[in-house]
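Following: one structure in structure tokens, then a few remarks.
Every chain is numbered from 1 and lettered A, B, ... according to where its sequence line falls, protein lines coming before strand lines. Predicted, not measured: the structure shown is a model, and the values here were computed from it.
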Amino acid sequence: MFRTHTCNALHLDNVGEEVTLSGWVHRRRDHGGLVFIDLRDRWGLTQIVFDPDTNTDMHNLAQTLRNEYVIQVTGLVRARPEGQANPNLETGDIEIEGRSLNILNKANTPPFDINKETPVDEMIRLKYRYLDLRRERMQRNIVLRHEVVRYIRNFLSDVDFVEVETPILFKTTPEGARDYLVPSRVHAGQFYALPQSPQQLKQLLMVAGYDRYFQIARCFRDEDQRGDRQPEFTQLDVEMSFVDQTDILDITERLMIGLVETMSEAQIMHKPFPRLSYNDVMDRYGRDNPDIRFGMELSDISALVANSDFKVFSGTVSSGGLVKGIKAKGLGGYSRKQLDELTDYVKVFGAKGLAWLVVDESDEGPVAGRSSFAKFLSTDEVASIIDQLEGEPGDLLLFVADKPAVANESMGRLRLELGDRLGLRDDNILAFCWVIDFPFLMWNEDEKRWDPSHHLFTAPVDEDIPLLDSDPGQARGKQHDLVLNGNEIAGGSVRIHQRELQEKVFGLIGLELEHAKKQFGHMLEAFEFGTPPHGGIASGIDRLVMLLAGEPNIREVIAFPKSQSAADLMAGAPTEVTEQQLKELHIKLR
RNA sequence: GGGGGCGUGGUGUAGUGGUCAACACGCCGGCCUGUCAAGCCGGAGAUCGCGGGUUCAAGUCCCGUCGCUCCCGCCA
């Protein structure tokens, strides 16, 4: 038997027991006489004391111990001497008087500190991931991740969901992200694709009558990485039959609230979660994943400046653009340099510039002080702008005039930046909200056609179905996104379950029926065998755990993540393969 | 595909044209019987990511390249 207890288990009431512990040498303190060893396992630390008076040979052996040696110790639990307890340790009231020591395995000096949370270059952490995973931060995150997944499984199982595994080797779909392809040996020249999500399969499970399905599903997308995007990631995938959108939102909301209140100390800002329309959030926050922890909403001043002499504003409005502003409370003292920084910030998102105005005090109330543009406007126009943004002396007003997409995106991002600068984004607050009533279709200017704003199988809002013929851009879809502190953490929709409507949508997005049949024939055919109304949602587990753990990127909550260039720095993947392997797969490199 | 940041002993950093590349932690050795980031003393350890160039002289400047990272594009 390697151990009788783990390293976080012993307390004063175990005093007098002979115990055996196994683990890693976390730290050693060698006093020449006494040798103290902090023994570590996943559960915690226990101090072992080796005393030369107890057993000289064993004490000598203890002096040879080094960090990360794997050892087994048997000894007597005893209370620490008066005043020697360590309140920072769960086991800090006791120690083990070492009576026998067995070195199970020696260890090389690790390339970085395991026993300290010192920063280490990410390349080295990834190369020695198995050592990084030994560190407290990663152990905490990986265990949290397990607890999150366990909570989800229990919750959904308790309300009659069935977990079903779906294939990893599936079929390529040219829509959406780039696929990871797997060559077929048996079928020369043909390829499987790794699923970008189990979308089609979960809908087919509804056709099959499983009614309530979920899966902790691995998904694959061959796109460039971000801090919150890995080539393979994990989704909580959910699909339900005989539901409308409200049913999906309600159960997801119950799951999220239960999960977060169990796993996190942070406070949920709004219960129930606000349900906001796409148009509303775009107007107020400039993006479809708003951070509603703080106000500082955007203000559309297009109408106020449509006829002004300032061509940057009026010209933008007359060509269908927007002029949107934001009030940065108390930042009127910003220097030219700081204003230039903010200008550079919005330029990243396509804005051509940033107009600014500092509000000053006067006898008649707030007036324009320093400004990049006020001189081009009438006094009344300036006054109406200050009035609409509720500018007060000392405030800084900022504006972008551009196409709606650019004005919204750049100002929406600027709002987040200002929120950071003003310390308004408190990590101890979790502000969930639903975004619904998305446009059903988005005009694709490059291809001159409509694209589905969510995916091909999303249903339009019932009352908007006639609009599909008359004014498709105005139709809303039964899509829903769950947003947490400005991060999209789940998204889904009610699906189309009737073939006629599905074919109509294919037609709208310019997908030839013949082509559609080739790609999605199995779906279309399935829909004719008695498909229940259904819908669902999928949630990014990595992002969710990242937010719950307070980590800045999802690599910190994934045991073996890829680098930004999609490489595994530990194992060294991807690699070249042998000529023989290529030959079997009918592949010639070029 | 594009833009920014970083790359110096094992780790984290300092060094922005001129001694022998500095400091902390770690490592090795010695001393040390109540530490818990133990302490004190001593020591080893770096062709400054790689290649090229400018210069009397390059860790430092220039070009290229590789890697990590952040962002834009991309991500139905």
Are there any protein N/O atoms within less than 3.5 Å of an N/O atom in nucleotides 43-50 of chain B, and if so, which ones and at what distance?
none

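- Separation of the P atoms belonging to B/G59 and B/G49 is 10 Å when rounded to the nearest angstrom.
- If you check B/G26, B/C68, B/C75 against the side chain of A/A177, the one that comes closest is B/C75.
- Residue A/R29 has its side chain nearest to B/C36 when only B/C75, B/C36, B/U33 are considered.
- For A/T109, counting side-chain heavy atoms from C-beta on, the closest listed nucleotide (B/C68, B/C27, B/G73) is B/C27.
- B/U47 sits 8 Å from B/G9 when the P atoms are compared, rounded to a whole Å.
- The residue A/G227 sits close only to the backbone: its heavy atoms come under 4.0 Å of sugar-phosphate atoms, none of a base.
- Around atom CD of A/E341, more than 12 heavy atoms belonging to other residues, nucleotides or ligands sit under 6.0 Å away.
- Distance check on atom P: B/G4 versus B/U16 gives 23 Å, rounded to whole Å.
- Across all strands, A/L456 comes closer than 4.0 Å to no nucleic acid atom at all (heavy-atom distances).
- When each of A/E95, A/Q47, A/R80 is checked for a side chain to side chain contact (heavy atoms under 4.5 Å, CB included) with A/N86, only A/R80 meets the rule.
- Among B/G73, B/C71, B/G67, the nucleotide with an atom closest to any side-chain atom of A/V348 is B/C71.
- Listed nucleotides B/C25, B/C70, B/C72 differ in distance to A/Q564; the shortest reach to its side chain belongs to B/C70.
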Please enumerate all protein N or O atoms sitting under 3.5 Å from an N or O of nucleotides 12-15 of chain B, with distances to 0.1 Å.
from  : atom 1 : to     : atom 2 : distance (Å)
B/G12 : OP1    : A/D121 : N      : 2.5

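- You'll find that the side chain of A/P81 is closest to B/G34, out of B/G34, B/C25, B/G29.
- Relative to the side chain of A/F36, the nucleotides B/G34, B/C27, B/G29 differ in distance, and B/G34 lies closest.
- In this structure, A/H522 and A/F520 have tilted ring planes: the angle between them lies in the 30° to 60° band.
- Within a 6.0 Å sphere centred on CZ of A/F170, other residues, nucleotides and ligands contribute more than 12 heavy atoms.
- The phosphate of B/U35 (OP1 or OP2) has no side-chain N or O of A/Q47 nearer than 4.0 angstrom.
- Minimum atom distance to the side chain of A/R221 is reached by B/C75, of the listed B/C75, B/A38, B/C28.
- Going from the P atom of B/U60 to that of B/C50 covers 11 Å, rounded to whole Å.
- Closest approach to the A/Q84 side chain among B/U33, B/C28, B/C36 is made by B/C36 (side chain taken as heavy atoms from C-beta onward).
- Checked against B/U35, B/C71, B/U69, the side chain of A/S563 finds its nearest nucleotide in B/U69.
- Comparing B/U35 with B/A21, their P atoms are spaced 41 Å from each other, to the whole Å.
- Ring planes of A/W450 and A/W443: perpendicular class, angle over 60° (limits at 30 and 60°).
- Annotation for A/W24: atom CH2 does not count as buried by contact number, only 12 or fewer foreign heavy atoms lying within 6.0 Å.
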